[in-house]
Amino acid sequence: MIELEGLIKRFGDTTVLDGIDLEIQEGEIIVVIGPSGTGKSTLLRCMNFLERPDAGRLRIGDLDLDVTRARKAEILALRRRTAFVFQNYALFANKTALENIAEGLIVVNRWPRAKAHSRAHEILERIGLAEKANAYPASLSGGQQQRIGIGRAMAAQADVILFDEPTSSLDPEWVEEVLGLMKQLARERQTMLVVTHEMGFARDVADRVIFMDGGRIVEQDVPSRLFTQPRDERTRDFLRKVLANQAASLGPEGSHSRGEPDNGQDSIKETP
Amino acid sequence: MRELDFGYMLELFPILLRYLPLTLEMAGAGMVLALVLACLLAVIRVLKLPGLNALTLLFISFFRGTPLLVQLFLFYYGLPQLLAFLTQINGVTATIMGLTLHFSAYMAESIRAAIVGVDRSQTEAALSIGMTNAQLMRRIVLPQATRIAVPTLMNYFIDMIKATSLAFTLGVTELMGATQKEAAGSFLYFEAFITVAILYWGIVELLAWAQRRLESRLGEAYRR
Ligand SMILES: Nc1ncnc2c1ncn2[C@@H]1O[C@H](COP(=O)(O)OP(=O)(O)OP(=O)(O)O)[C@@H](O)[C@H]1O
Ligand SMILES: [Mg+2]
């Protein structure tokens, strides 16, 4: 189980995270939504200390950190228990697809190279890129690069994978393959915390959707309720705008889950 | 007007070739030491280590801001007057010292730029999977910075080979010093100096060829 307690992060005078409390169960899939600049990325980045929080507690498994007093070894331990998937993929440009996935196993977990490579091969199979093992990132499509980014996170065998808008940089043609891989992980009950604007994904896959605004969690609920009966005015506003946008960009058919069959339940009402 | 004495040039060539090793030794030693020092200075600059950073800036400013010849004279003729233990310093050592300090100042800046030029998000990715700063420098940043820095560093190496000719002003009989002596004996100045020019030119062209091969090998990962 993962627990955040009173997490606070300031940049200069502005408080970007204003006391975040959050519990994540093992195997839970959580989607975080909210307007731009409300601290969604900062929350994820604080969870593996890419940003150092200013106050709060972080508990992951047996690791219990007072963030103000976290020592180097504890930060490294925390980072091993959390994996990150970046919006811009952030693959190691000097390493092949296989090496990108094996790198952490070799350097951080100190596995022998052969063992790390054979694990990386298994992961490449699972993400459907076995034939690209020796390709360098520059020669791959955005969708393939992001799947390798996810593969690198899978290799870490972290307690939770943090996704920061994993499909936002992708050309539309590659979005579905990346979401597909994320759904596959969700079926395997990989614990994930996903910041995304893909409402279809949130509705279909999330166990819980969190709406953030102004550095706080405004409300959270199962997607069926949060999308159809949001309690807070800000949530309603946000959903109205986002869904109007997505409907507009998807054209007259108005299918919000990018061509997937609508299961009829929990469907998000398009606002008039 | 007189005719070029090709025969003399052909004779001179193997004689001068004997001094090539000393020239290359000075350039090689200067390059290795300058690289080590430059990496150190670059890391101080990148990490902005307090105190050291200011000293580094002063160092770089001085050694880029004054002529190499002045620096060489300062080390060879000037310093021993102040520091007694330097009286045994010979011309070769003084040259290597001068080349090292002078070129490290330039190289530090290009290495720094190369390190900063590696996409910051890759550093974050490496941190996110639990790598330490030293690990991510060694495995991710420096290999890519090397590729960015190689063309400029090779240019400095080429410059350094040519700059070793200044050692003759410190009484070192290297390629240039030997040519000077030969020319003074034969009075065939044009033939002597065009021969040594061709020799330098040949070495530089050889290095430029090696540079192109190295760059294409380092660029392998980046071809689409
Ligand atoms: N390194 C930083 N230094 C200063 N301010 C920052 C820094 N990183 C983020 N901020 C500020 O913190 C606020 C929250 O940023 P954050 O990136 O977490 O928002 P977000 O919810 O992820 O937004 P988006 O949907 O646009 O990605 C913003 O106002 C941003 O300008
Ligand atoms: Mg963001």
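These values consider heavy atoms only, across backbone and side chains, with no hydrogens, waters or symmetry-generated copies. To find a chain, count down the sequence lines: A is the first, B the second, and so on, and within it residues start at 1.
To the nearest 0.5 Å, atoms OG (B:S128) and CG (A:D164) are separated by 11.5 Å. Taking CG of B:N133 as the start and NZ of A:K72 as the end, the distance is 6.5 Å to the nearest 0.5 Å. To the nearest 0.5 Å, atom CD1 of residue B:I129 and atom CG of residue A:L76 are 11.5 Å apart.
Surrounding CD of B:E215 are more than 12 heavy atoms belonging to other residues, nucleotides or ligands, all under 6.0 Å away. Other residues, nucleotides and ligands place more than 12 heavy atoms under 6.0 Å from the CZ atom of A:R189.
For B:R139, the parts sitting under 4.5 Å from any heavy atom of chain A are the backbone and the side chain alike.
The contact list for residues 107-131 of chain A toward chain B, using heavy atoms and a distance under 4.5 Å, reads A:V107, A:V108, A:R110 by residue number. Contacts from residues 41-49 of chain A to chain B, taken as heavy-atom pairs separated by less than 4.5 Å, involve A:R45, A:N48 in sequence order. Scanning residues 87-101 of chain A against chain B with a 4.5 Å non-hydrogen threshold yields A:N88, A:A90, A:L91, A:F92, A:A93, A:N94, A:K95, sorted by number.
Shortest non-hydrogen contact noted between B:E124 and A:L50 is O-CD2, 3.6 Å.
For A:E74, the side chain to side chain contact (heavy atoms under 4.5 Å, CB included) partners are A:L65, A:A70, A:R71, not counting sequence neighbours.
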